[in-house]
Every structure is written in C-alpha cells, then in structure tokens.
Visitor: 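Here you go, one structure.
Nothing here was measured: the structure is a model prediction, and the numbers come from that model.
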Amino acid sequence: MTKGVTKLGKQRLALGLEWQMIDAKGGSKAALQTARQWETSGVSEDDAAGEIDMYCLRPASREKPSVAQVGLGRKASGHAAGVPSAAAMLVSALPSGSFVGCWQLPEGWWVVVVREDLIEDDGDQLYQKEEDAKARLDIEKGSVARVYAPPEWRIGSADDSHLSLLLSDVKRVGVLQPIRADVGRKIRLVGLLVVLLGLVWFGKGYYDRYQAEAAKHKRAIPADALTKVVAPPPPAATTVAPPPPPPPPPVRVWEIKPRPSQIIEACLAAMRNVPAGSAGFALSDFDCGENGLSVRWHRTDGRGAIPAGAMIDAQNQTASMAVGLASFQARGAEQLLGRQAVAGYLLARPVTATVSALPDERLPVKDGAPAVPPPPWQRQSLRISWPYSPAQLEAFLDGLPGVVLGPMKRQAGGAWDIEATIYEARE
C-alpha cells in the first residue's frame, strides 16, 4: 500500500495531511484559494515529501460554526482525487471536544491530535516506528479530555476501540481533489474516447459482415439438420465457501493490569526522589500512572537554576522531568461484580466518587462475517478528588474487583485528581 493512503474494508482513506484554518463563510472557494497559496509557498522543508498539489475541505462543526479547515496533500504520498481524509471522518464520528489517538495500520502508526474540534496543523501524522508514535501520544495526552490507544500500551482510561469500528457508517467528508486541473489527463480522456469510438465503428462493420456470412451459411445447411436437438452441457459443479473463522475472544483487560495499590506505591516512591524545587523554580504538579511519573516546576522571581535532571522549555518558564517506573505484575484471574453490587460498594465507603458509563468494547468485523456480540462485561469511568495521600485509597480501590487505575494528578495545592476504569459483569 502506498504511504499516505490506507484501506479499511472497501474504502481508501488519506493519511498525513497538513491542516490550516479558514473562514467558514468562504466555503470551497476559500479552501481552494488557501490551498493555492500553500502550493506556491510550501509547507514542509522536506523536499522528499513532494509539492502540495491536493486539498480537501473540512466544513465547520456545530461547536465551531465560524471556522472550517483545509487539508493539504501530495500526490507523491499517494493522495488521490476522490479519496476522503481519515482525520476529517474521525472527527465527525467522535464526540466534540479535544482528544489524541493512535491506531496501528499496515502503513505504520497513525496519530491524530484534535483540540476544541479542530485538527492540529501537524495533528494528522503517520509514524513508521511505534516508539515515535507513543512518544507523541505521551506528549499530548496530558492536555486533552480523551485518549485512544492500543490495549498493548496499557494506558489507563484510554479507549482502545478499533478504527474500523469508529468509522463504520460515517459520512464521507474531506474528499481530496487536485489544486490545479490536470490538462494532460483531459487530453488522455479525449484520446481514449476517440479510440473507443473507432473500436465501436470497426466492431459494427465486423458484426454486419459476420451476420451476412451466417445467413448465407444457414441457407446452405439441410433443413433436417436445423431440427436436431443439441443436448445442453452438464451444469458446472458448485463449491461452497467455508464459514469464516470465529472471532478471537475479547481480552480481559483488568486481569493483565496491576492492582491499583502497586501503581500508587510505585508513584509515591518515585515522588520521594524528586527535588521539591531549586533557586527560581517551585514545584507545580505531579502526573503519575502505570507508564511513569511526570513532574513540572514553574518559574518564580529571582535568579534560577534548573532542577536536577529536569528539562527547561523554550520560554525558560517551565521545567519538566519524566521518571520511569519498574515493571508491574499482572493481577491474574479476578471475577467481576454486577453494576448493582458495584454501586452498593461505592455508596458504603466514605469516598466521594463520580462514575459515568463508557461505551462497550467491540471487536472489528470483517466483510461478510457475522456481527460480534458485546463482551460479557461493561465499563464505567471513576473519578475521585482526594485531599490526602493516595495511599489511603489503596484498600478502597483494591477491594473492588475490575478496577484499572488511570492517571493520578497532584495539583499545587496538594489535592489529587484520580481517574480509573471499573469493569463490571453485564447483568
């Protein structure tokens, strides 16, 4: 498959477009005008990417009625007229807001970054290496509301829905078209039409001569030979296609995840080795989970020194550091409770928690295969605002089967925002 184009089912989708905002009132005319400006000025300094010669229009959404977007593509990357943009279709399929997602495709690892219903300028990227795609997702996930990631990455509270499921029954939007009319293509079409007309004229003359010869030959055949019955050929043998293989069983995600107490203890141990600050910098917040600890410091007055082991941003205002955690042990087999039992458990504890239902996990279905029923469990998101150490929540979280701990964020004031996913038996 050509880089820059993938295929989901029978539909081809364009990847790796560069996106620009335009005034929604201008419509397709403004999109073409913007595309021609970028065609002459260029977007990327990488000559190997080829010139910009394709574009598409992503209409304004209900949340952003005054802003539309134009996607810029290249024939050199496999982009072709009539192929819709995968990023534009994905944004129209998902709820409004901000999200980052990564999906593995035959062409590589596709990452999409959307903020306030607008695709980021470089938020439609195809990476050849898994570690590059995961690094981009780790950078963006802290500033968006939703995260989509492969289940193998084990990112807490991330949605691992397959791309083909998210894009099923979605209207085609962002269809690519050339910036400049292809004159050579028009000439080839005219030439092809002339050849076809010539073939039709030649074929008609040949057919008329054949009919005349057949009529002459028929008159020369004896009359009794015309009445002989010719036995029809035997019917061709029919073959029955084998039934499609059954879908693989759904993954019991919570059983391959560590218990919440393991993650909490590892995070608190890593935090104890982080400097509280240095000259000119004060600790802002912690962000810790199964994938590691992230620490940020903000600039204060006076002379400053970068905290040990941290990196400073381009404005010299924020320092940050990432700390890896040791590998965790999977909890193993664990039987789930039903929704009523989970509700009773939460209400009986002195912990204020907010829960909300999450969509079912579904496996992708191949063409012609029967629909796959939902798994025998369902999910809820769990959010806790906790003013004390998360160590006091270990027994509470471990005591409820099916809890997968997500990110824990400690704000400057000392309060913790804790997210988790509860897997429940379907009743």
Side-chain angles (χ1 to χ4, degrees), residues 3-4 6 15-19 43-46 48-49 77 86-87 90-91 94 98-115 118-163 166 253 256-258 263 266-267 270-271 273-274 284-297 306-328 404-409 419:
K3 177 183 177 183
T6 191
L15 311 171
L17 300 183
E18 300 179 37
W19 293 90
V43 174
S44 174
E45 296 179 359
D46 183 6
S77 297
L90 181 65
V91 176
L94 297 179
S98 302
F99 71 87
V100 60
C102 179
W103 292 269
Q104 184 181 11
L105 302 173
E107 297 73 24
W109 297 82
W110 182 48
V111 177
V112 180
V113 183
V114 174
R115 300 188 191 280
L118 295 175
I119 306 170
E120 289 282 277
D121 296 358
D122 61 342
D124 180 2
Q125 295 287 328
L126 186 65
Y127 294 91
Q128 297 303 309
K129 296 182 179 179
E130 179 180 1
E131 55 267 29
D132 295 340
K134 192 171 186 299
R136 177 67 186 277
L137 186 134
D138 288 338
I139 293 173
E140 305 289 352
K141 69 180 182 180
S143 59
V144 296
R146 304 188 308 278
V147 178
Y148 300 84
E152 300 83 10
W153 289 4
R154 299 184 178 182
I155 297 178
S157 72
D159 191 332
D160 56 4
S161 299
H162 196 274
L163 186 62
L166 297 177
V253 176
I256 63 176
K257 294 286 187 178
I263 301 176
C267 288
M271 287 170 56
N273 297 323
V274 172
S284 294
D285 56 80
F286 293 96
D287 188 342
C288 193
E290 183 182 355
N291 296 304
L293 170 67
S294 175
V295 190
R296 284 174 291 275
W297 296 265
I306 302 174
M311 301 291 293
I312 194 72
D313 66 356
Q315 290 76 34
N316 294 338
Q317 294 299 310
T318 303
S320 60
M321 179 173 63
V323 180
L325 303 181
S327 59
F328 297 102
V404 176
L405 188 62
M408 303 189 301
K409 298 181 180 181
E419 299 181 13

Visitor: Is it the case that the side chain of Lys141 and the backbone of Val100 share a donor-acceptor pair, with hydrogens and angles ignored and the cut-off at 3.5 Å?
Guide: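 Not confirmed, Lys141 side chain does not pair with Val100 backbone.
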
Visitor: How long is the span from the CD1 atom in Ile312 to the CD1 atom in Ile306, to the nearest 0.5 Å?
Guide: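 It is 5.0 Å, given to the nearest 0.5 Å.
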
Visitor: Drop me the distance from Met321's CE to Trp297's CH2, to the nearest 0.5 angstrom.
Guide: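 If we round to the nearest 0.5 Å, Met321:CE and Trp297:CH2 are 3.5 Å apart.
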
Visitor: Mind listing the closest non-hydrogen atom pair of Ala87 and Ile119 along with its distance?
Guide: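 The answer is CB-CD1, 3.8 Å.
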
Visitor: Which atom names give the shortest non-hydrogen contact between Ile155 and Ala149, and what distance separates them?
Guide: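 In this case the closest contact between Ile155 and Ala149 is CD1-CB, 3.9 Å.
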
Visitor: SG/Cys102 to CH2/Trp110 distance, rounded to the nearest 0.5 angstrom?
Guide: 10.0 Å

Visitor: Testing the basics here: between Pro150 and Asp160, what is the closest heavy-atom pair and its distance to 0.1 Å?
Guide: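 Minimum heavy-atom contact is C-CB, 4.4 Å.
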
Visitor: Distance check, rounded to the nearest 0.5 Å: Thr6 atom OG1 versus Leu15 atom CG?
Guide: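 If I round to the nearest 0.5 Å, the distance is 5.5 Å.
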
Visitor: Do side-chain atoms of Asp124 reach the backbone of Leu17 as a donor and acceptor pair under 3.5 angstrom?
Guide: yes

Visitor: Just so I know, are the side chains of Leu163 and Leu105 near enough to count as touching, which here means a heavy-atom distance under 4.5 Å?
Guide: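 The answer is yes; the side chains approach within 4.5 Å.
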
Visitor: Taking side-chain contact (heavy atoms from CB on, under 4.5 Å) as the definition, give me every residue that meets it alongside Ser98, ordered by chain and number, with sequence neighbours left out.
Guide: Arg115, Glu116, Val144

Visitor: Side chains of Pro407 and Asp287: does their closest heavy-atom pair fall under 4.5 Å?
Guide: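 Of all side-chain heavy-atom pairs linking Asp287 with Pro407, at least one is under 4.5 Å.
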
Visitor: Short question: side chain of Gln128, backbone of Glu107 - any donor-acceptor pair under 3.5 Å?
Guide: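 Confirmed, Gln128 side chain pairs with Glu107 backbone.
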
Visitor: Evaluate the criterion side chain to side chain contact (heavy atoms under 4.5 Å, CB included) for residue pair Leu137 and Trp153; output intermediate values, then yes/no.
Guide: CA-CA 11 Å; Leu137 186 134; Trp153 289 4; 4.3 Å; yes

Visitor: Please give me the minimum heavy-atom distance between Gly142 and Lys409, naming the atom from each residue.
Guide: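 Result for this residue pair: O-NZ, 3.6 Å.
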
Visitor: Mind running side chain to side chain contact (heavy atoms under 4.5 Å, CB included) on Ile256 and Arg154 for me, showing each step along the way?
Guide: CA-CA 9 Å; Ile256 63 176; Arg154 299 184 178 182; 4.1 Å; yes

Visitor: Looking at every heavy atom in both Val274 and Ala270, which two are closest together, and how far apart are they?
Guide: CG2-O, 3.4 Å

Visitor: Check whether more than 12 heavy atoms from other residues, nucleotides or ligands sit under 6.0 Å from atom CE of Met271, and answer yes or no.
Guide: yes

Visitor: Measure the CH2-OH distance between Trp109 and Tyr127 for me, rounded to the nearest 0.5 Å.
Guide: 13.5 Å

Visitor: Under a 4.5 Å cut-off applied to non-hydrogen side-chain atoms, are Leu94 and Arg146 in contact?
Guide: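 Side chain of Leu94 against side chain of Arg146, heavy atoms only: contact under 4.5 Å found.
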
Visitor: If you compare all heavy atoms of Val112 against all heavy atoms of Val114, which two are closest, and at what distance to 0.1 Å?
Guide: CG1-CG2, 3.9 Å

Visitor: Before accepting this row, confirm whether a basic side-chain N of the pair Arg136/Asp132 lies closer than 4.0 Å to the acidic partner's carboxylate O.
Guide: no

Visitor: First locate atom CD1 of Ile263, then atom CG of Leu325, and finally report the distance between them rounded to the nearest 0.5 Å.
Guide: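 Spacing of CD1 (Ile263) from CG (Leu325) equals 8.5 Å.
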
Visitor: Does the side chain of Leu166 reach to within under 4.5 Å of the side chain of Trp103, using non-hydrogen atoms?
Guide: yes

